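The structure displayed is predicted, hence computed values, not measured ones. Numbered from 1 within each chain, the chains take letters A, B, ... in sequence-line order.
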Number of protein chains: 2
Amino acid sequence: MNKKMKSKVTIHDVAAEAGVSFGTVSRVINNDVHVKKETRERVLDVVEKLNYVANRQARSLAGGKTNSIGVLVPDLGTGYIGEIIRGIDAELSLADLDLILYTTHRTPTKEANYVANLASGMVDGLLLVLPRQPQDLVKTMQQRRFPFVLIDHQGTGQDCPAVGAMNWSGGYNATEYLISLGHKRIGFITGSMDLGCAVDRLAGYRSALKTNHILEDEALIYEGNFDQPDGYVGASALLDLTHPPTAIFASNDVMAMGVMDAVRNRGLRVPEDISVVGFDDIPQASLVRPALTTINQPLEKMGRVATQVLLSMLENPEKETTRIELPTQLVIRDSCGKPK
Amino acid sequence: MNKKMKSKVTIHDVAAEAGVSFGTVSRVINNDVHVKKETRERVLDVVEKLNYVANRQARSLAGGKTNSIGVLVPDLGTGYIGEIIRGIDAELSLADLDLILYTTHRTPTKEANYVANLASGMVDGLLLVLPRQPQDLVKTMQQRRFPFVLIDHQGTGQDCPAVGAMNWSGGYNATEYLISLGHKRIGFITGSMDLGCAVDRLAGYRSALKTNHILEDEALIYEGNFDQPDGYVGASALLDLTHPPTAIFASNDVMAMGVMDAVRNRGLRVPEDISVVGFDDIPQASLVRPALTTINQPLEKMGRVATQVLLSMLENPEKETTRIELPTQLVIRDSCGKPK
DNA sequence: CATAATTATGTAAGCGTTTACAAATCCTTT
DNA sequence: AAAGGATTTGTAAACGCTTACATAATTATG
């Protein structure tokens with residue numbers, strides 16, 4: 001009875017204890033139909049008794065799959081990515097797949113490196129969150145026929161599996177909400193314009209203006225980079241105009257917070273003097289004061305859906321997959337009001 | 001079924017191309033000294049040329065190590081954990097180890113399950129961030145002699161490798177700062193008292209009071225749970241007292257935000273009427289208005305250090321390791337002022 | 001210059017599985 | 001009761017690598 005703690009119990013141990021061949025044990029744990037019911041039960045009992053857990057590496061080596069999928073993220077700082085991962089994780093654990101996390105944060109060039117390595121057998125599939133330069137990566141993976149899904153990035157014209165949000169309509173709706181409040185001069189702070197989502201949000205803004213017969217003023221558009229300071233600087237520039245805006249729509253929540261900061265720093269109030277709208281609905285959007293009116297992106301759901309897509313690709317490699325866009329939604333809080 | 005048409009390049013391919021045996025190639029990629037310099041170079045060239053990447057699973061199987069370490073986290077929501085992971089990731093990638101992420105969020109009981117599985121060979125070591133019920137887990141791992149490090153949790157009396165922050169002195173310093181501002185009645189909202197860090201912060205608070213000859217008032221201590229609503233409810237209760245506090249010290253930033261919310265909801269201002277201090281210094285602490293004065297925990301560094309400790313345990317299993325506490329620091333922003 | 005020492009390389013035996021394929025057992029059906 | 005088929009079980013060959021150990025090549029030694 002005194003078994004060594006250190007030596008792991010293998011499929012052979014189970015086989016011996018159950019009085020069957022290891023092949024049978026393998027069939028049992030893989031739910032192969034060709035096992036007599038009572039044999040299966042006996043084996044399962046022994047598995048339980050011996051506390052057997054199949055060795056993942058051996059399984060992978062023999063089976064040709066790694067049972068884990070790689071998730072490439074730029075960072076974990078803002079909670080934005082965290083939400084997406086939460087969704088990914090949920091789906092993955094349902095499928096009993098491991099999540100191997102790679103952060104490209106420190107070295108941007110690592111993105112390409114990782115993909116090259118990962119795609120050559122370390123994981124069965126890849127989920128790329130907010131990739132910065134997907135063109136080459138996508139090409140690499142496609143020519144290797146390696147399964148992957150892009151999350152929150154619409155490549156410029158590239159046709160590949162991706163899950164994103166309806167950025168255009170988010171931009172449109174937020175702008176239209178501001179217009180409905182009576183605003184005519186609405187400042188806009190863009191995100192990194194190399195990212196499709198930023199382009200789309202701006203396009204939505206423009207469309208809403210046009211639809212409502214408001215003349216677009218280039219001076220009201222400030223090019224930001226999705227970081228908080230851009231919001232501050234952008235808002236400052238906007239407020240310095242001869243005809244400053246009465247409302248500012250920032251392309252993400254973090255910048256919107258920078259905007260609020262700038263507004264207050266010049267002695268103005270949100271929303272009495274200036275209305276502010278963000279985009280994303282990150283957790284802290286409801287924590288700041290005034291609570292931020294913003295466009296909700298279903299972050300967790302994006303993670304879930306992307307994972308589902310990837311898993312279905314794994315099951316059926318031939319299946320044609322394409323871009324999926326999840327709806328965004330206006331969340332009205334306290335940062336907007338009628339213009340003075 | 002889905003056979004890979006793309007034959008991966010193996011160690012044998014490299015060996016053939018370089019005109020050596022696969023054993024030599026193995027030595028080269030493992031930096032074994034017993035290889036002639038020019039042979040090594042030739043092999044390396046071929047590796048480059050063929051774009052060879054060693055198969056992780058095979059390596060693990062043969063070598064008896066998985067080259068990856070598991071990280072168990074409760075969640076990724078607040079950015080708090082994200083910071084820690086950033087540190088872990090940095091160290092891990094230096095050591096060329098993979099990070100396998102497990103989130104226990106949805107099912108608390110999964111913690112134990114994961115540990116049982118992981119400890120039996122899926123990873124070489126485990127990093128447990130903010131574990132909720134470590135007692136059993138720790139016992140399991142210790143008796144299996146499985147390497148692990150606890151992050152941000154001081155077990156009640158358990159002697160095991162752990163990395164945390166100086167919660168006591170953080171609590172002490174924050175309280176003393178408030179006292180130095182002139183506050184005499186300082187409310188305190190605790191964290192989950194089953195977590196050592198919460199206990200320590202409270203103890204620090206009490207000590208500071210005592211040192212400064214301020215009589216402790218039990219009524220000023222509200223037991224929270226580290227969630228934002230606790231801050232709101234706690235502050236409300238505190239402000240309802242006959243002799244309400246002039247300052248409130250919340251055991252983490254998230255609760256502090258709840259506190260600010262409650263304060264404002266009764267028409268009071270921060271910091272003019274009530275001073276607020278948090279703990280953690282999460283990214284959004286500097287984003288809220290007024291910016292939160294808080295105790296900085298070196299989250300990323302905790303991740304780094306814990307990883308270093310784990311790696312050293314992997315290298316030298318016999319080495320005695322113990323608890324490490326990193327210093328905390330008061331960060332003064334805009335949420336505190338003199339009492340009226 | 002032979003011989004021992006040293007260093008470099010080749011070889012074979014696993015590591016713990018999966019999975020064809022072969023062998024054995026159990027039912028049917030005449 | 002025996003043949004044929006279906007079902008269940010056993011076996012051996014990978015999977016790609018590490019690592020003793022054996023062997024070959026090189027250098028140093030007397």
A:E38 atom CD is separated from D:dT9 atom C1', nearest whole Å, by 13 Å
Whole angstrom value for the distance that separates P of C:dT17 from CZ of A:F22: 11 Å
Taking C-beta and beyond as the side chain, do A:F146 and A:V123 meet within less than 4.5 Å on heavy atoms? yes
Value in whole Å for how far the C1' atom of C:dG16 lies from CG of A:D13: 11 Å
Pick out the pairs of N or O atoms, protein on one side and nucleotides 22-28 of chain D on the other, that lie under 3.5 Å.
none

Donor-acceptor pair, side chain of B:T66 and main chain of B:D124, under 3.5 angstrom: yes
Any salt bridge linking B:E325 with B:R323? Criterion: basic side-chain nitrogen under 4.0 Å from a carboxylate oxygen. yes
Are B:L127 and B:I69 side-chain neighbours, meaning at least one heavy-atom pair lies under 4.5 Å? yes
How many whole angstroms separate atom CD1 of B:I29 from atom C1' of C:dT9? 16 Å
Tell me whether A:T39 contacts the main-chain N or O of A:V35 through its side chain, where contact means a donor paired with an acceptor under 3.5 Å. no
At less than 4.0 Å, is any side-chain N or O atom of A:T24 found next to OP1 or OP2 of D:dT8? Yes or no. no
B:Y102 versus A:D98, side-chain donor and acceptor atoms under 3.5 Å: yes
Between P of C:dA20 and NE2 of A:H34, the distance in whole Å: 11 Å
Is there a donor-acceptor contact under 3.5 Å linking the side chains of B:R59 and B:N30? yes
Test item: A:T322 and A:P161 side chains (from C-beta on) under 4.5 Å apart, heavy atoms: no
With a 4.5 Å limit on heavy-atom distance, are the side chains of B:V43 and B:V20 in contact? yes
What integer distance in Å separates B:R56:CZ from C:dC15:C1'? 17 Å
Supply the atom-to-atom distance B:E300 CD to B:E91 CD, rounded to the nearest 0.5 angstrom. 9.0 Å
Whole Å only: how far is the CG atom of B:D124 from the C1' atom of D:dT18? 15 Å
Just call it for A:S26: base, sugar-phosphate, or nothing, with non-hydrogen atoms closer than 4.0 Å on any strand. base
Less than 4.5 Å apart, any side-chain heavy atom of B:F148 and any of B:Q142? yes
Do any N or O atoms of the protein come closer than 3.5 Å to N or O atoms of nucleotides 14-16 of chain D, and which pairs are they?
from, atom 1, to, atom 2, distance (Å)
D:dC15, O2, A:A62, N, 3.2
D:dG16, N2, B:A58, O, 3.3

At how many degrees, to 10°, do the end axes of the helix from C:dC1-D:dG30 to C:dT30-D:dA1 meet when each uses five pairs? 40°
Rounded to whole angstroms, how far apart are CG on A:D32 and P on C:dT17? 17 Å
If you pin B:K37 and A:N30 to their nearest nucleotides in DNA chain C, which one's is more 5'? B:K37
Decide yes or no for B:V149 and B:V163: does some side-chain heavy atom of the first lie under 4.5 Å from some side-chain heavy atom of the second? yes
Mind checking if B:S60 touches a base, just sugar-phosphate, or nothing, with heavy atoms under 4.0 Å? nothing
